[in-house]
There are 2 protein chains.
Amino acid sequence: MQNQLCCQQCHFSQLCLPYSFELKEIEKLDDIIVRKNPYHRRQRLFEAGQPLHSLYAVRSGSFKSFILSEDGQEQITAFHLPGDVIGFDAIHNKTHPSFAEALETSMVCELPYSSLDELGEMFPKLRQQLSRTMSGMLCQNQEALMVLNKYTANERLSHFLASLGHRFGDRGFSPTSFRLSMTRSEIGNYLGLSIETVSRILTQLQKDGKISVEGKLINLLVPTLAD
Amino acid sequence: MQNQLCCQQCHFSQLCLPYSFELKEIEKLDDIIVRKNPYHRRQRLFEAGQPLHSLYAVRSGSFKSFILSEDGQEQITAFHLPGDVIGFDAIHNKTHPSFAEALETSMVCELPYSSLDELGEMFPKLRQQLSRTMSGMLCQNQEALMVLNKYTANERLSHFLASLGHRFGDRGFSPTSFRLSMTRSEIGNYLGLSIETVSRILTQLQKDGKISVEGKLINLLVPTLAD
DNA sequence: CGACATGTTGAGACACATCAAACTGAGTGG
DNA sequence: CCACTCAGTTTGATGTGTCTCAACATGTCG
């Protein structure tokens, strides 16, 4: 498959699974990938309880992952940008424990897990990359734990914005000027803050001259938002 | 290696890597495992910044994993019981991002990562088990995120004790009566609570007749500590 | 037995949640 | 094109869960 949708043409391949692959390996990976129609806001890649069929690599747009508590409360566990792979948490029980939902119109590459498993048999680099990616997610989660336990509301939000900017930068976008695809409510849910606190701190950061806010448009005005 | 320390004789092998292995596979795994001398309280398996040499399976006793913030604050990210494997977060950068420290006198099995990698080449089940374990840790982290974001101090501690009891039960110990190998301070650090709050809630849970506390000895008196 | 870490308990402070009300903007239908 | 709606956002007033500070009790280990 040598069309415009293949991994070689994808701007985010160096962040995604093909990282450090040889040409031949990329072509093999391309063969198993299913390109899907765009997902629209609120549409789901999968729901909790569904059996694991595929992992999904974000091609454009963004997604949120979330789990539900026993009493039905939503807890957002991650926001996914292009190049991120979604669904690793389902490998454990071969069932998705979480939901994945588009935050805006988005494209994904579907990676059937059985094909990925077979391909891993042949390509050690693919196996290593899968391990590397999951391990990296563990590191992120540890960082997130510290943010929630040790940081104030202001620090959490600053860290969130800086981290988002950094991730946009990695993807070739501006690290200081971007559009939030998630609502204030979703940010608050993720950071363990009320929606009012998110709003208040956003305006306060603006008053302090650290950022400028125009609805969903964010501008980071100081290199680090710390202190 | 057919001594008393081999995986076949280990009570926790069904929770550990050999889960669902054939005899031949277990023997191969046994060959690469290094049995170490006991670690004493405060001794470390590894420190942040050290290159990844090995993963470690807890054989007896318990450990904590923690990371340090830029300003040197400790954040405990997990407590490890027998059968748990420690060090997966180091695969990402081939360097440990975290510390692992014994909470009491403990034994571990050292699993040299390069040997594990080679062995994975031959045994698909080992690869799958490694993936399954890492995926399971992702699920745990998601749960932890919800506990921190949505639960009150009382609920966090109740959930912590119930979860610990459950894990002891899985290992053939009493799920309702156990000894805490970590200090109040370490519990508070992990749950994002002050040491005073941990202490207060422990005594309050006792007054409510839900648990009995005698220093580090805990008795869970109601099946679920909820509400 | 003394010394030092660990744990308990109380009083006051504060960061953030909750409640309440008004504002904005995007989409819808007349 | 304008009213209408409704989700999302902002801002203010008040409440509260947990932290902090402080003093004391207990346990542990040389």
Side-chain angles (χ1 to χ4, degrees), chain A residues 40-43 62 64 73-76 79 101-105 146-161 179-208 211-218 227, chain B residues 40-43 64 73-76 101-105 146-161 179-208 211-218 227:
Chain A
H40 299 294
R41 176 162 178 79
R42 296 260 146 81
Q43 271 193 295
S62 53
K64 67 174 173 182
Q73 282 186 94
E74 173 177 325
Q75 173 61 57
I76 296 174
F79 295 111
E101 196 175 291
L103 295 173
E104 60 194 312
T105 302
M146 177 144 75
V147 170
L148 292 182
N149 271 353
K150 297 256 193 293
Y151 289 17
T152 64
N154 190 314
E155 290 166 337
R156 287 186 216 181
L157 203 49
S158 298
H159 181 273
F160 174 75
L161 292 175
R179 209 191 100 265
L180 298 172
S181 58
M182 67 291 288
T183 67
R184 305 285 192 266
S185 169
E186 285 165 333
I187 295 173
N189 181 296
Y190 178 63
L191 294 176
L193 301 172
S194 73
I195 170 176
E196 294 95 330
T197 298
V198 172
S199 181
R200 267 187 261 270
I201 289 176
L202 238 29
T203 62
Q204 198 207 310
L205 285 174
Q206 179 159 238
K207 276 181 192 159
D208 297 350
I211 66 174
S212 74
V213 189
E214 272 182 65
K216 301 208 165 279
L217 262 41
I218 299 284
D227 80 309
Chain B
H40 300 293
R41 176 161 178 80
R42 295 263 147 82
Q43 271 193 295
K64 67 174 173 182
Q73 283 187 93
E74 173 177 326
Q75 172 61 56
I76 297 175
E101 196 176 292
L103 295 174
E104 59 193 313
T105 302
M146 177 143 75
V147 169
L148 293 182
N149 271 353
K150 296 256 193 293
Y151 289 15
T152 64
N154 190 313
E155 290 167 336
R156 286 186 217 182
L157 204 48
S158 298
H159 181 272
F160 174 75
L161 293 175
R179 208 191 101 266
L180 298 172
S181 58
M182 66 291 288
T183 65
R184 306 285 193 266
S185 168
E186 285 164 333
I187 296 173
N189 181 298
Y190 177 64
L191 294 176
L193 301 172
S194 73
I195 172 175
E196 295 95 331
T197 300
V198 173
S199 181
R200 267 186 262 270
I201 289 176
L202 238 30
T203 61
Q204 199 209 310
L205 284 173
Q206 180 159 238
K207 276 182 192 159
D208 296 351
I211 67 174
S212 74
V213 190
E214 272 182 65
K216 299 207 166 282
L217 262 41
I218 298 284
D227 80 307

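Each chain gets a letter, A, B and so on, in the order the sequences are listed, and its residues count up from 1. Computed over heavy atoms, backbone and side chain alike; hydrogens, waters and symmetry mates excluded.
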Query raised in the report: Can you check the A/L217 CG to C/dT24 P distance for me, whole Å?
Result: 18 Å

**Report entry** Protein-nucleotide distance (B/K150, atom NZ; C/dC16, atom P), rounded to Å
**Finding:** 17 Å

Query - For atom CD of B/E104 and atom P of D/dC29, their distance in whole Å - result: 13 Å

Give every donor-acceptor pair under 3.5 Å between a side-chain atom in residues 211-218 of chain B and any protein atom, sequence neighbours left out.
from, atom 1, to, atom 2, distance (Å)
B/K216, NZ, B/M182, O, 3.2

Query raised in the report: Quick one: CG on A/L157 to OH on A/Y190, what's the gap to the nearest 0.5 Å?
Result: 12.0 Å

Query raised in the report: Going by the salt bridge (Lys or Arg N to Asp or Glu O under 4.0 Å) test, which pairs reach into residues 182-201 of chain B, not counting sequence neighbours?
Result: B/K64-B/E186

Report task. Using a 4.0 Å cut-off on protein heavy atoms (strictly under), produce a 5'-to-3' string for nucleotides 12-28 of chain D with B for base contact, S for backbone-only sugar-phosphate contact, and - for none. Result -> BB----SSBBB------

Query raised in the report: Any side-chain heavy-atom pair from A/F160 and A/F79 closer than 4.5 angstrom?
Result: yes

Query - Separation of C/dT6 C1' from B/L202 CG (nearest whole Å) - result: 13 Å

Query - B/T203 vs C/dT9: side-chain N/O to OP1/OP2 distance below 4.0 Å - result: yes

Query raised in the report: Taking C-beta and beyond as the side chain, do A/R179 and A/E104 meet within less than 4.5 Å on heavy atoms?
Result: yes

**Report entry** Student check: side-chain heavy atoms of B/I187 and B/L193 closer than 4.5 Å
**Finding:** no

Report task. Could you grab the distance from atom CG of B/L191 to atom CD of B/E155, nearest 0.5 Å is fine? Result -> 12.5 Å

Report task. Starting at CG of B/N149, measure out to CD of A/Q75 and round the result to the nearest 0.5 Å. Result -> 4.5 Å

Requested in this report: Give the rounded distance in Å between these two atoms: CD of B/Q206 and P of C/dG7.
Outcome: 15 Å

Query - Watson-Crick or G-U stems involving DNA chain C, each at least 3 pairs long, distances under 3.5 Å, ordered by first number - result: C:1-30 with D:1-30

**Report entry** Gap between atoms CG and P, on B/L157 and C/dT8 respectively (whole Å)
**Finding:** 11 Å

Report summary line: Contact check, residues 179-188 of chain B vs DNA chain C, heavy-atom distance under 4.0 Å, returns B/T183, B/R184, B/S185

Report task. Could you grab the distance from atom CG of B/L202 to atom CD of B/Q204, nearest 0.5 Å is fine? Result -> 10.5 Å

Query raised in the report: Can you name the residues that form a side-chain contact (heavy atoms from CB on, under 4.5 Å) with A/Q73, not counting sequence neighbours?
Result: A/S69, A/D71, B/K150

Report task. For A/L191 and C/dA15, give me the distance from atom CG to atom C1', rounded to whole Å. Result -> 16 Å

Query raised in the report: With a 4.5 Å heavy-atom cut-off, do B/L103 and B/R41 have their side chains touching?
Result: yes

Report task. Verify the contact: side-chain N or O of A/K216 to OP1 or OP2 of D/dT9, cut-off strictly under 4.0 Å; return yes or no. Result -> yes

Query raised in the report: Rounding to a whole Å, what distance do you find between A/L205:CG and D/dT11:P?
Result: 13 Å

